[in-house]
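Everything below concerns the one structure shown next.
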Amino acid sequence: MVRGRITALAVSDVRFPTSLGHHGSDAMHPDPDYSAAYVVIETDAHDGLKGYGLTFTLGKGTEVVVCAVNALSTHVVHKDMEEIVSNFRNFYRQLTSDGQLRWIGPEKGAVHLATAAILNAVWDLWAKQEGKPLWKLLVDMDPKQLLSCIDFRYITDALTEEEAYEILVNSLLGKKEREEQMLTRGYPAYTTSCAWLGYSDQQLKQLCTKALKDGWTRFKVKVGADLQDDIHRCRLIREMIGPDNILMLDANQRWEVKEAIEWVTKLAEFKPLWIEEPTSPDDVLGHAAISKALAPLGIGVATGEQCHNKVIFKQLLQAKALSYLQIDSCRLGSVNENLAVLLMAKKFQIPVCPHAGGVGLCELVQHLILFDYIAISGSLENRMCEYVDHLHEHFKYPVIIKKACYMPPQDAGYSTEMKEDSTRKYQFPQGEVWQKLLSGHKIHLP
Ligand SMILES: C[C@H](O)[C@@H](O)CC(=O)C(=O)O
Ligand SMILES: [Mg+2]
């Protein structure tokens, strides 16, 4: 049972120096330090439970998101958990509609990342209080309760609450069987870990050989900085994985619209399934033009990891601008806004292939995609969830991958809690890892 009044909200700036090993590097982000604005909420309930939430950042700027979390905290502290979750849609709207703070959004940028971190903590706490992993909490909710978590403002021209209800009711058929199937087989994943842009050929070959041995069949490679290098790397990886495994490309917004079409056409011989983020994430019509031009080559457009909110997703769907929709558990306004996007994707019949990786994104988004399969989409066709093999050791309940599939988490909560030792050591700038780095010491990192 949900219980307690929120008595405290603390937020910290936790950064991992991943740029030292070029992990996570791409054509626009050559030196990311995978980081998080990490939120902990406490209540006056005598159960010892806390809610943990985060949003993902790339290092610098995390302090801005931390400020935004603090600015929003007045809407959270002293709130009753029962009051929040019994009208979650209202609470979501309260956080996103602060009459002064919305001016620095609305529902985008640092303030929306902060909303995500806070709400992720609330969902974690709710699931823990119910003694269920988050995906199961969602699966066990009836359609009305699920809908009461969603703010439909600005999307009713694409999806009404009545239509969303119908989708959820229709998906009740076969739900139990799909849950069983997930528990035994898990949700299919693909890996991005072999081919970050800053990795050498030798590293790429080594990682790819190991991934193939571990049973991976779907691979994503970073492109976009240099065409000849892309051709070289795509050839290398295609030769390694063979003609039958799946290859995806990710340009991280590097190109103009026309340039994207020309560049990807030159990579078509490597038979990529999709080109991800070919251009600005805000350019809905640009994505539509790229989609139309690449469709005859059998290449789809994927995007979403930097889509600010449900309105951008709505327009991408309405404009037939994407073939694969990539929700992000920490950029959209937590589970609440992701539910809206999952339902829109179902209505427009576009497969959802979530963005994961970063720090903690795999831990969180697995819950959403499991729920999507069991209670909304009912399909695995053309669907897979990203996996990146970094930083899981810092989480108390890390993801479990078996045969290249996410196995449903069994621990209560949203898998958001980090180990205390990790948050202490990697706190920026006072944690011991950063103190050593900032004073010029070399450190050994896994
Ligand atoms: C900067 C991040 O590592 C980004 O490259 C991640 C990404 O685009 C993906 O995982 O997809
Ligand atoms: Mg990407």
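Both counts, for ligands and for their atoms, begin at 1 and track the order of listing.
Side-chain contact, H390 with T18: no donor N or O sits under 3.5 Å from an acceptor N or O. Looking only at atom types and distance, the side chain of E276 has a donor-acceptor partner in the side chain of Q326 under 3.5 Å away. A side-chain donor from one of R153 and S97 sits under 3.5 Å from a side-chain acceptor of the other. H112 and E337 are linked by a side-chain donor-acceptor pair at a separation below 3.5 angstrom, with hydrogens and angles left out of the test. Counting only N and O atoms by type, the side chains of S19 and D33 include a donor and acceptor under 3.5 Å apart.
Every heavy atom of Q326 sits 4.0 Å or more from the atoms of ligand 1. Residue contacts with ligand 1: H23 is excluded, as none of its non-hydrogen atoms falls under 4.0 Å.
Ligand 1 places these atoms under 4.0 Å from at least one heavy atom of D26: 1 (C), 2 (C), 4 (C), 5 (O). Each of the atoms 2 (C), 3 (O) of ligand 1 lies under 4.0 Å from some heavy atom of Y34. For ligand 1 and G24, the ligand atoms under 4.0 Å from any heavy atom of the residue are 1 (C), 2 (C), 3 (O), 5 (O). Atoms of ligand 1 found under 4.0 Å from any heavy atom of W196 (numbered from 1 in listed order, with element): 3 (O), 5 (O).
Among protein heavy atoms, atom 10 (O) of ligand 1 sits closest to E386 OE2, 2.6 Å. Distance from atom 11 (O) of ligand 1 to its nearest protein heavy atom, with residue and atom name: K220 NZ, 2.7 Å.
Residue T192 places no N or O, backbone or side chain, under 3.5 Å from any N or O of ligand 1. Distances between N or O atoms of D250 and those of ligand 1 include at least one value under 3.5 Å.
Side-chain rings of W216 and Y387 approach one another, their centers coming within less than 6.0 Å. In summary, the aromatic rings of F88 and W123 are positioned with their centroids under 6.0 Å apart.
Electrostatic pairing of D421 and K425 counts as a salt bridge here, judged by a charged N lying under 4.0 Å from a carboxylate O.
Figure legend: cation-pi geometry between R238 and F270 absent, as NZ or CZ is not positioned both under 6.0 Å from the six-membered ring centre and within 45° of its axis.
Of all N, O or S atoms in E276, the one lying closest to the Mg ion (ligand 2) is OE2.
Here V388 has no heavy atoms under 4.0 Å from ligand 1, in either its backbone or its side chain.
Within the set K222, E277, E276, the minimum heavy-atom distance to atom 8 (O) of ligand 1 is found for K222.
Annotation: angle subtended at the Mg ion (ligand 2) by D250 OD2 and E305 OE1 is 170°, to 10°.
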